There are 2 protein chains.
Amino acid sequence: MKLSTRSRYGTRLVLELALKFESGPVFLKDICKAQNLSFKYLSQIIILLKTAGIVKAMRGAYGGYCLAKKPEEIKLSEIVGALEGTLNIIDCIKNPEACKKYSNCASRFYWEEINNNICKSLEEITVKNILEKHRALNLLQ
Amino acid sequence: MKLSTRSRYGTRLVLELALKFESGPVFLKDICKAQNLSFKYLSQIIILLKTAGIVKAMRGAYGGYCLAKKPEEIKLSEIVGALEGTLNIIDCIKNPEACKKYSNCASRFYWEEINNNICKSLEEITVKNILEKHRALNLLQ
DNA sequence: TCAATATACTACTATTTTAATAGTATTATA
DNA sequence: TATAATACTATTAAAATAGTAGTATATTGA
């Protein structure tokens with residue numbers, strides 16, 4: 001039940017783009033520098049974010065990345081869903097065939113309940129929330 | 001963010017012991033037969049549950065396992081905590097040193113919030129809840 | 001005491017996932 | 001057309017997961 005580095009790095013990446021939301025596109029290498037993360041690794045992660053419609057890419061010289069929508073419109077559930085591949089903590093939620101015991105399984109109902117709570121938490125948090133928290137932390141320094 | 005088979009199998013194992021809570025100790029091989037799980041794998045899992053004080057073991061002939069406390073006294077958080085090793089979805093919750101960016105990290109606050117919600121969910125569900133769900137499912141057949 | 005039967009412990013292993021790295025292709029701009 | 005950015009694909013090292021295997025230890029009853 002660990003969050004992968006993909007989700008963690010990807011969230012930091014999106015935060016970095018949110019900080020520059022009003023400016024033009026940002027180079028991935030600058031994001032990597034700011035967050036001290038591997039360029040090649042982030043370039044894989046950001047493509048998943050692009051596919052999920054969270055960021056937009058501009059290719060070629062003077063290209064870069066920017067958010068595809070406003071920080072308040074991006075939920076943490078979208079980021080984590082795109083980077084973990086799924087939000088489900090057990091497979092049988094999506095594929096009842098994944099487990100032979102599906103129809104008789106009492107535990108499943110509670111795993112699903114927990115899963116719903118996780119999804120709800122992730123849906124209630126937006127990039128704007130994280131951005132404001134970030135600004136509050138930086139003002140304190 | 002997947003639940004391991006250890007947690008899933010372990011919960012099914014505990015449910016099986018809860019079904020026989022009033023009777024004497026149960027052989028692990030019978031639990032394996034009932035749930036169609038590997039004996040050797042479950043014998044590792046059940047030791048973690050014993051160490052966590054969830055089950056009691058009786059060695060030797062006519063030995064077996066039973067719950068160490070009443071089904072309503074066993075929270076899902078105990079089972080998952082014992083079998084996942086931790087309930088934390090990110091390392092810096094327990095070890096601030098795990099991440100260099102700890103003090104400046106805005107995401108962390110939200111990961112912690114989600115983590116707290118997961119723990120709360122797991123604490124609200126007891127083995128008795130699962131037991132009753134199991135009985136309801138079996139009556140329906 | 002000893003055979004039978006249960007758990008306890010330790011080591012090993014195959015597979016999958018994670019977390020990258022590397023190199024090349026493609027696109028857009030000046 | 002050179003340059004500088006993203007896009008794509010393959011490879012890899014390390015760690016975690018999900019087991020298997022074998023032996024040791026404890027308990028019971030004959």
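Computed from a prediction, not measured in an experiment: that's the story for all the values here. Quick note on labels: first sequence line is chain A, next is B, and so on, each numbered from 1.
- Follow the hydrophobic side-chain contacts under 4.5 Å out from A:L42 and you never reach A:M58; the two are in separate clusters.
- Heavy atoms of other residues, nucleotides or ligands lying less than 6.0 angstrom from NZ of A:K70 number 12 at most.
- Computed from coordinates, the B:M1 CE to D:dT17 C1' distance equals 18 Å when rounded to whole Å.
- Pairing each heavy atom of A:W111 with each of A:I90, the nearest pair is CB-CD1, 3.3 Å.
- Contact record, A:S121 with B:I114: CB-CG1, 3.8 Å, taken as the closest heavy-atom pair.
- The residue B:I46 sits apart from the nucleic acid: no heavy atom pair falls under 4.0 Å.
- Looking at the side chain of A:R59, the nearest of the listed nucleotides D:dT27, D:dA7, D:dG22 is D:dA7.
- Comparing A:Y62 and A:L3 by the nucleotide of DNA chain C whose heavy atom lies nearest to each, the residue mapping closer to the 5' end is A:L3.
- With a heavy-atom cut-off of 4.0 Å to chain B, the contacted part of DNA chain C has its first and last nucleotide at C:dT5 to C:dA11.
- One atom, NZ of A:K29, and another, P of D:dT3, lie 14 Å apart when rounded to the nearest Å.
- The 5' end of DNA chain C is approached more closely, in terms of each residue's nearest nucleotide, by A:T5 than by the other of A:S43 and A:T5.
- Between A:Y41 atom OH and D:dA10 atom P the separation is 19 Å, expressed in whole Å.
- Using a 4.5 Å heavy-atom cutoff, the side chains of B:M1 and A:L3 are in contact.
- Closest of all the heavy-atom pairs between A:A34 and B:K101 is O-NZ, 3.1 Å.
- The side chain of B:S38 contributes an N or O atom lying less than 4.0 Å from OP1 or OP2 of D:dT20.
- When the side-chain contact (heavy atoms from CB on, under 4.5 Å) test is applied to A:L137, the partners found at least two apart in sequence or on another chain are B:A106, B:F109.
- Between the CG atom of B:D91 and the C1' atom of D:dA15 there is a distance of 13 Å, given to the nearest Å.
- Per the geometry, CD belonging to B:Q44 stands 11 Å off C1' belonging to D:dA21, to the nearest Å.
- Following rounding to the nearest Å, B:Y65 (OH) and D:dA26 (P) show an atom-to-atom distance of 14 Å.
- Regarding contacts with the backbone of D:dT17, a side-chain N or O of B:R6 is found under 4.0 angstrom from either OP1 or OP2.
- Note: CG (A:L42) to P (D:dT6) measures 11 Å, nearest angstrom.
- The interatomic distance linking A:I47 (CD1) with D:dT6 (P) rounds to 10 Å, in whole Å.
- As judged by a 4.0 angstrom heavy-atom cut-off over every strand, A:F27 is placed among residues touching the sugar-phosphate backbone only.
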